Asks: 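Here it is, the structure in full.
By convention in this document, chain letters (A, B, ...) are assigned in the order of the sequence lines, proteins followed by strands, and residues within each chain are numbered from 1. Quick caveat, the model's predicted, so the values are computed rather than measured.
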Amino acid sequence: MSAIWLLKTEPDTFSIDDLRACPDGTSGWDGVRNYQARNRLRDEMCKGDTVLIYHSSCPQPAIVGEACVVSDPYPDPSQFDADSAGFDSRSSHDNPRWYQVDIRYVCSYAQPLLLKKLRQDEEFTHMELVLRPRLSVQKVAEREFQRIQQLCQPEDTSP
DNA sequence: GCCAACGTTGGC
DNA sequence: GCCAACGTTGGC
């Protein structure tokens, strides 16, 4: 049974449309620099898992669509690049500190689920997005996922 | 290992 | 831009 995750991104930096526009709709999800998020990504994410994309720090924070995990976790290359914002001098190739997976675009929602609306729905009272909003790699329960799809009318908008 | 200082996140 | 929440750092 594959898991369902929610990944947060700032659309000004990397939006779901940017993901869609990548070759094969696929991109490495780099830049995770929080240990709890890293542990989940490195130790629990599996190829084939479902991903919800959430846009944060923007006028309309919302769950905007779906992607899927298409690689096993591997070291985030930006941690080794001194010119990258993700550079971490404490990392080495023998002992990498930060990990990422590749994800592929699946669909955008006809009606993104605004955070404002999500907070009003009893189904989401115990969702991590509500209880621990700062964690950037979140778990989503099957029930929550079904309710999200019900509200958002997923459309196949593959490139 | 404690804890104060500091930095970051992200909704509003 | 403000500020609350919370993660990280580093002196002791």
Asks: Can you check the Tyr35(A) OH to dT8(B) P distance for me, whole Å?
Replies: 14 Å
Asks: Which whole-number value in Å describes the distance from Glu128(A) CD to dC6(C) C1'?
Replies: 15 Å
Asks: Please give, in whole Å, the distance from dA5(C) C1' to Asn34(A) CG?
Replies: 13 Å
Asks: Once you apply a heavy-atom cut-off of 4.0 Å, does Arg90(A) come out as touching a base, just sugar-phosphate, or nothing?
Replies: sugar-phosphate
Asks: Between Glu122(A) and Arg143(A) (salt bridge meaning N to carboxylate O under 4.0 Å), is one present in this structure?
Replies: no
Asks: Consider the side chain of Arg134(A), meaning its heavy atoms from C-beta on, and name the nucleotide among dG7(B), dG11(B), dT9(C) that approaches it most closely.
Replies: dG7(B)
Asks: I'd like to know if Arg33(A) pairs up with Asp76(A) as an ion pair, taking the criterion as any Lys NZ or Arg NE/NH1/NH2 lying under 4.0 Å from an Asp or Glu carboxylate oxygen.
Replies: yes
Asks: Round to a whole Å and report the spacing from CD of Gln60(A) to P of dG11(B).
Replies: 12 Å
Asks: Between P on dG11(B) and CG on Asp12(A), what's the gap in Å once rounded to a whole number?
Replies: 13 Å
Asks: May I have the distance from Arg132(A) (atom CZ) to dA5(C) (atom P), rounded to whole angstrom?
Replies: 15 Å
Asks: Between Tyr54(A) and Trp5(A), is the gap from one ring center to the other below 6.0 Å?
Replies: no
Asks: Between P on dC12(B) and NZ on Lys117(A), what's the gap in Å once rounded to a whole number?
Replies: 13 Å
Asks: Measure CG/Leu115(A) against P/dT9(B) and give the value in whole Å, please.
Replies: 18 Å
Asks: Honestly curious: do Leu151(A) and Ile4(A) fall in one hydrophobic cluster under the side-chain, below-4.5 Å linking rule?
Replies: yes
